[in-house]
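The structure under discussion appears below in the form of structure tokens.
Count residues from 1 along the sequence.
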Amino acid sequence: LSYMRKDTRMGPMKIVVTLIQGAKNSLAVGATAGVIGIIMAIVTMTGLGIKFSSVVISMSGGFLPVTVLLVAVAGYLLGMGVTITATYILLSVLAVPALMELGVPLITAHLVAFWFCETGGVTPPVALVAFAAASIAKCNPYKAGIEPVRLASPLFVIPLLFIYTPILLNGPLPNVIETMVSCLIGIIAYAGMMQGYWSKRANWLERVLLGLAAFCLFVPNIYSDLGGVILLVLVTLYNRRKTEGTGSLPEQDMDSDRAI
């Protein structure tokens, strides 16, 4: 693709420099893979993986939601000091068997572990991805470490959808379509709740109703989906009426600003 534009075409020297840079960047991945291999061998040969699974199941009492919560906590703790790839490999060895023992399919269990591992880059106190972004934006790294948790909070919700809904295309086609549409609308409502904004800034009651609508839309049931849509329509009508009631204010403010 670089050859499609004259200013981005790569000559022989540029290709050599790119290959050298790629080799340097792969060193970090190679070193991580070597260390992960040692850790995985220790976990496998000592039986720690089986022991960890039994501990998780005993702590959760065999209750799947609590087990998922413990897997999320494990992903959070491991993500503080290990890369996302390494965290996933460790969780796939330690936590996935526990989920499978409680009836979660293999692919679903791995995806749950993978999504929880993604939170390690944005959750304080480490939040390496957020701190890297803060250095680029030249802003407060600690404030930048809090905001991504809100923006990335669907990472905590979607693994539950993997387990309790046919969103992974593992059900009848009508149910899959209904789930995908309802979850998409639910994510939008969830974003409105987290941001405190719909068609206009939302008050606390509207945010609570948006959260309740999102929860109803996430539940895999046609009646709860209808209830969530009705709540969303009511919040939208109330929020838009509030906007229409104050629609002349911004124009008046603009006129006063022009006068000043």
Would you say that [X] contacts [Y] through its side chain, given a criterion of any heavy-atom pair below 4.5 Å between the two side chains?
X    : Y    : answer
I188 : W198 : yes
Y238 : N203 : yes
H110 : L99  : no
I15  : P12  : no
R5   : T8   : yes
F156 : T123 : yes
Q195 : L151 : yes
S224 : L217 : no

Item to complete: Decide yes or no on side-chain contact (heavy atoms from CB on, under 4.5 Å) for L234 and L209, but give the supporting numbers first.
Response: CA-CA 9 Å; L234 292 176; L209 292 177; over 6 Å; no
Which atom pair, heavy atoms only, marks the closest approach of [X] to [Y]?
X    : Y    : answer
V112 : P159 : CG2-O, 3.7 Å
A189 : L232 : CB-CD1, 3.7 Å
L161 : C183 : CD1-SG, 3.8 Å
Y190 : A214 : N-CB, 3.8 Å
G75  : L91  : CA-CD1, 3.7 Å
S182 : T179 : OG-O, 3.0 Å

Do the side chains of [X] and [Y] join up, straight or via other hydrophobic residues, at under 4.5 Å, putting them in one cluster?
X    : Y    : answer
V71  : M100 : no
I167 : I163 : yes
V157 : L231 : yes
V104 : Y88  : yes
L111 : V96  : no

A quick test of your reading: do over 12 heavy atoms of other residues, nucleotides or ligands sit less than 6.0 Å from [atom1] of [X]?
X    : atom1 : result
M194 : CE    : yes
I222 : CD1   : yes
R150 : CZ    : yes

Response to the item:
side chain to side chain contact (heavy atoms under 4.5 Å, CB included) test vs F116 passes for just one of V68, I158, L155, namely V68
Fill in: Verdict with reasoning, M4 to R9, per side-chain contact (heavy atoms from CB on, under 4.5 Å)
CA-CA 7 Å; M4 295 180 66; R9 287 174 190 162; over 6 Å; no
Discussion item. Before you tell me yes or no, could you show the steps for F215 and V219 under side-chain contact (heavy atoms from CB on, under 4.5 Å), namely the whole-Å CA-CA distance, both residues' side-chain angles and the distance that decides it to 0.1 Å?
Written reply: CA-CA 7 Å; F215 176 78; V219 175; 4.1 Å; yes
Practice prompt. For the pair Y3 and M10, evaluate side-chain contact (heavy atoms from CB on, under 4.5 Å) and give the outcome as yes or no after the intermediate values.
Written response: CA-CA 7 Å; Y3 286 92; M10 299 175 66; 4.3 Å; yes
Separation between [atom1] of [X] and [atom2] of [Y], rounded to the nearest 0.5 Å:
X    : Y    : atom1 : atom2 : result
T87  : L94  : OG1   : CG    : 11.0 Å
F218 : D225 : CZ    : CG    : 11.0 Å
R207 : L212 : CZ    : CG    : 15.0 Å

